[in-house]
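Structure, as structure tokens:
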2 protein chains.
Amino acid sequence: MPPRGEHSRTELKALILEAAGTIAESDGLRGLTARAIAQAIGYSPGTLYNMFTDLDDVVVQLNTETLDALHDRLAAVVPSGVPEADVLALARAYVGFARERPRRWNLVFEHNPADGRELSEHQRARIEDLLALVAAALEPLFPASEARQRDHAARVLWSATQGITALAGAGKLARAESVDGMLRGLITYQLRGIAASSEHPDFEVP
Amino acid sequence: MPPRGEHSRTELKALILEAAGTIAESDGLRGLTARAIAQAIGYSPGTLYNMFTDLDDVVVQLNTETLDALHDRLAAVVPSGVPEADVLALARAYVGFARERPRRWNLVFEHNPADGRELSEHQRARIEDLLALVAAALEPLFPASEARQRDHAARVLWSATQGITALAGAGKLARAESVDGMLRGLITYQLRGIAASSEHPDFEVP
DNA sequence: AAAATTATTGAACAATGTTCAGTTATGGGT
DNA sequence: ACCCATAACTGAACATTGTTCAATAATTTT
């Protein structure tokens, strides 16, 4: 049976997420209330609970969309084959994305789902995709037999970039180092260290 | 005029922060309500507002205490003079602290103070102290004339460690790499890269 | 046309942060 | 010894939150 309103079920879901995104961007998690969303789309609060179990659920799905958008952005970076340049380009794309929508991006980390609620499979897959982009950029530095080490290095670089973006972005680093300078410091030395190493230990099997 | 209750003003403040810490540790930010704190210390909710302006204020001061404790922990690490060993020891102390009180540590980053409320001077100073410990461990790698570069490297390492701890700790890294393995990957290559560089560019002045 | 079905409402509930007039206890002044 | 100015503390009140659910309204099926 078609909906009585002007929007189908899926349209409404998209509407809600869009409104939630807008509110999150302007007011952060604090302003992201059920009533605010409902009012923004011209429905009553109860309607949200037809397609979302929770407000938490709304945030989780919003974060999933954010990760999707981030992935699209990073996937658009065209590799040059030079690891240092490619990793830096990916990191800059990451930071650029985070700086354009700071609050919305922050929500991905600010929001701790209630106990027992796990990361969705879709979200895990997206993160895996993102890491694959970094790993691909590192390809020339590792022989084919060292795929594990290459993936490990990608994870380290990814987490480190995330840390730099988070701390510097939130102004939690006392002096105001530029994010870009820190990224270059990280990537330059990290890749130089890898390149300077004749063999690459498996840090997970000590 | 002495207090009418059994606790002085400062004692009460400490009591509140202690109760807040306990609640935060067991229930996270979600359980940290004014009434829960009040009940835990046997006072009425209104009492909190005599020594704290806000619940936000309670969280901020709790986070300050957390940073103090973290600093104490890292300051207790005795340097050996070998940069790689010392930085790794600091990073491990950091991670160890975070793993012992995961929710409480998480609060430092999970909590975004309302707009306009800045990081306190005391908190900035604590962070600066922490960075100084890392910078000291890097001392042997940089000539005295390159203090800026050394501090920069310390900030990068610190942020990266934070990123690794946060992502791996929250299980947001798909596969379960060990935190320790990632720390070793980070530090090994970063310091090797620094050591392998005959000159150290100032990444803040490109 | 009637019935069945479903989307949507909006009133209700419990719990939250926060305020503040009022109550109670204390210490100093007379 | 009495009082009273002062500070500490209460607890009831208010607005706002997430969430539920009987009632309503609109649409499709019969």
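So that the names make sense, note that chain A is the first sequence line, chain B the second, and so on, each numbered from 1.
Atom CZ of B:Arg99 is surrounded by 12 or fewer heavy atoms from other residues, nucleotides or ligands within 6.0 Å. With a 6.0 Å radius and a threshold of 12 heavy atoms from other residues, nucleotides or ligands, A:Gln39 has its CD atom at or below the threshold. The local environment of CZ in A:Arg148 is sparse, with at most 12 non-hydrogen atoms from other residues, nucleotides or ligands closer than 6.0 Å.
Note that OH of A:Tyr189 is 11.0 Å distant from CG of B:Leu191, once rounded to the nearest 0.5 Å.
Minimum heavy-atom separation, B:Gly193 to B:Ser197: O-OG, 2.7 Å.
Using a 4.0 Å heavy-atom distance criterion, B:Ile37 is classed as making no nucleic acid contact.
Listed by residue number, the members of residues 14-33 of chain B with any heavy atom below 4.0 angstrom from DNA chain C are B:Leu32, B:Thr33. Of the residues in residues 49-60 of chain B, B:Asn50 come within less than 4.0 Å of DNA chain D through at least one heavy atom, sorted by number.
Straight-line distance from the CG atom of A:Leu48 to the C1' atom of D:dG18: 10 Å, rounded to whole Å. In this structure, A:Tyr43 atom OH and C:dT6 atom C1' are separated by 14 Å, rounded to whole Å. The nearest whole Å value for the distance from the NZ atom in A:Lys13 to the C1' atom in C:dT8 is 18 Å.
Across D:dT17, C:dT18, D:dG11, the shortest atom-to-atom separation from the side chain of A:Arg35 is found for D:dT17. Looking at the side chain of B:Thr47, the nearest of the listed nucleotides D:dT10, C:dT9, C:dT18 is D:dT10.
Two residues are said to be in side-chain contact when any heavy atoms from C-beta on lie closer than 4.5 Å; A:Leu29 and B:Asn112 fail this criterion.
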Exercise. Verify salt bridge (Lys or Arg N to Asp or Glu O under 4.0 Å) between A:Asp129 and A:Arg126, making sure each step is shown before the conclusion.
Key: CA-CA 5 Å; A:Asp129 291 346; A:Arg126 268 292 160 278; 2.7 Å; yes
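Judged as a side chain to side chain donor-acceptor pair (under 3.5 Å), and not counting sequence neighbours, the contacts of B:His200 are B:Glu146.
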